[in-house]
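A short worksheet on the structure shown next.
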Amino acid sequence: CFCIGAAKLVVVVAIFLLTFYVISQVFEIKMDANLGHIFAHLSLKCCYFLLTATKPPRYKCGISKACPEKHFAFKMASGAANVVGPKICVEDNVLMSGVKNNVGRGINVALVNGKTGETIDTKFFDMWGGDVAPFIEFLKSIQDGTIVLMGTYDDGATKLNEEARKLIAELGSTSITNLGFRDNWVFCGGKGIKTKSPFEQHIKNNKDTNKYEGWPEVVEMEGCIPQKQD
């Protein structure tokens, strides 16, 4: 209520100042140059205050609310069909996206240091026409304490085998066992996690409910990742 009242007051003041200044110019009312400058400056200040007072705050990665201390903000989205690639953002740093040209068909992975929030690596693995072996080796090489973010693009499941799914499940995923052809999926977990991750979204490929022909709608997810403590 206070903000609304203040905004209304600013509007009234701004209109008054601008009206007075314009009238003085139209009717050539003599006014000290400095005074005229002051009126114009105050009008602009009032307008600026009004805009900034009513503008909603922006949080890291564009998430809906600020994260508490010792947490990392993140936001991510799966790919849209086989047209728009996935996007992964951590602490206001876009790690992977189509604009950065570092995403590809399959499963896109970003590794982040669980203590510092710094990016360790970003890679994508083609799970339609590629080989799952390099992906398995990559998963095995992830160090304890690493935050792992994954998002599908086009198809991320055809070449997945039991070993790869088991390694991803050990990162905290529950949906990986059911990930199928052209499903959309985003996941955030960690190496050495003791529980199942709360950060996971999965939409099945279903011709009756798909938003795009042959692909389900994009899945998005945001949240606050606890910083790893010693």
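Numbering of residues begins at 1 and proceeds along the displayed sequence. The analysis underlying the following values was restricted to heavy atoms, covering all of them including side chains, and did not include hydrogens, waters or symmetry mates.
Other residues sharing a hydrophobic cluster with Y153 under the 4.5 Å side-chain heavy-atom criterion for ILVMFWY residues do not exist; the residue is a singleton. Other cluster members for Y59: I63, joined by side-chain heavy-atom distances under 4.5 Å among Ile, Leu, Val, Met, Phe, Trp and Tyr.
Under the salt bridge (Lys or Arg N to Asp or Glu O under 4.0 Å) criterion, K140 pairs with E163, sequence neighbours left out. Looking at residues two or more places apart in sequence or on another chain, you find a ring pair (Phe, Tyr, Trp, His ring centres under 6.0 Å) between F135 and F125.
Sorted by first and then second residue, the ring-ring contact (aromatic ring centres under 6.0 Å, His included) pairs with a member in residues 73-124 read F74-F199; sequence neighbours excluded.
Side-chain contact between V112 and E118 is absent, with no heavy atoms from C-beta onward closer than 4.5 Å. In this structure, the side chains of M150 and I168 come closer than 4.5 Å at one or more pairs of heavy atoms. Between E222 and S64 there is a side-chain heavy-atom pair separated by less than 4.5 Å. Under the 4.5 Å side-chain criterion, counting only non-hydrogen atoms from C-beta, V132 is in contact with M127. In this structure the side chain of V109 never reaches within 4.5 angstrom of the side chain of L149, judged on heavy atoms.
Between the T152 side chain and the W185 main chain, a donor and an acceptor come within less than 3.5 Å of each other. Distance alone, capped at 3.5 Å, places no donor-acceptor pair between the K191 side chain and the G145 backbone. Within the 3.5 Å criterion, the main-chain N or O of V219 finds a donor-acceptor partner in the side chain of S78. In terms of modelled atom types and a separation under 3.5 Å, the side chain of Q227 and the main chain of G114 share no donor-acceptor contact. Counting only distance, with no hydrogens or angles, the side chain of N184 and the backbone of P216 share a donor-acceptor pair below 3.5 Å. Panel note: side chain E217, backbone Y212; no donor-acceptor pair is recorded below 3.5 Å. In terms of modelled atom types and a separation under 3.5 Å, the side chain of S197 and the main chain of C188 share a donor-acceptor contact. N108 places a side-chain N or O within 3.5 Å of a backbone atom of G104 that can act as its donor or acceptor partner.
The minimum heavy-atom distance between K87 and S97, with the atom names listed, is CG-CB, 4.1 Å. Considering all non-hydrogen atoms of both residues, I136 and A164 come closest at CG1-CB, 4.0 Å. Counting all heavy atoms, side chain and backbone alike, L111 lies closest to F138 at CD1-CZ, 3.5 Å. The nearest pair of heavy atoms linking G151 to V186 is CA-CG1, 4.2 Å. The shortest heavy-atom contact between K115 and N113 is N-OD1, 2.8 Å. Closest non-hydrogen pair, S175 versus S173, comes out as N-OG, 3.4 Å.
By the rule that hydrophobic residues join a cluster once side-chain heavy atoms approach within less than 4.5 Å of another member, V218 and M221 end up as members of separate clusters. Both I107 and F187 are assigned to one and the same hydrophobic cluster, defined by single-linkage of ILVMFWY side chains at heavy-atom distances under 4.5 Å.
The CG atom of N102 sits 5.0 Å away from atom OG1 of T122, with the distance rounded to the nearest 0.5 Å. The OG1 atom of T177 lies 7.5 Å from the CZ atom of R165; values are rounded to the nearest 0.5 Å. If you take OG on S141 and CG on D121, they are separated by 8.0 Å, rounding to the nearest 0.5 Å. Between atom CG of residue L179 and atom CG of residue N205 there is a gap of 10.5 Å, rounded to the nearest 0.5 Å. One finds the NZ atom of K228 at 11.0 Å from the CD1 atom of I193 (value rounded to the nearest 0.5 Å). Atoms CG and CG, from L171 and L139 in turn, are 6.5 Å apart once rounded to the nearest 0.5 Å.
No side-chain donor from either of N178 and H202 sits under 3.5 Å from a side-chain acceptor of the other. Side chain to side chain, T158 and D155 meet the donor-acceptor criterion of an N or O pair below 3.5 Å.
Other residues, nucleotides and ligands place more than 12 heavy atoms under 6.0 Å from the NZ atom of K196. Shown here is Q229, whose CD atom has more than 12 heavy atoms of other residues, nucleotides or ligands within 6.0 Å. Within 6.0 Å of CG in N101 there are 12 or fewer heavy atoms belonging to other residues, nucleotides or ligands.
Salt bridge absent: E162 and K166 never bring a charged side-chain N and a carboxylate O closer than 4.0 Å.
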Candidate pair W215 and N82, rule side chain to side chain contact (heavy atoms under 4.5 Å, CB included), full reasoning: CA-CA 8 Å; W215 289 270; N82 61 347; 3.7 Å; yes
Criterion side chain to side chain contact (heavy atoms under 4.5 Å, CB included) on F72 and I147, from CA distance to verdict: CA-CA 10 Å; F72 301 125; I147 298 168; 3.8 Å; yes
Could you pull out all donor-acceptor pairs under 3.5 Å where a side-chain atom in residues 89-96 meets a protein atom, sequence neighbours excluded?
from	atom 1	to	atom 2	distance (Å)
E91	OE1	K60	NZ	2.8
E91	OE2	A73	N	2.8
D92	OD1	R58	NH1	3.2
D92	OD1	R58	NH2	3.2
D92	OD1	C61	N	2.6
D92	OD2	R58	NH1	3.3

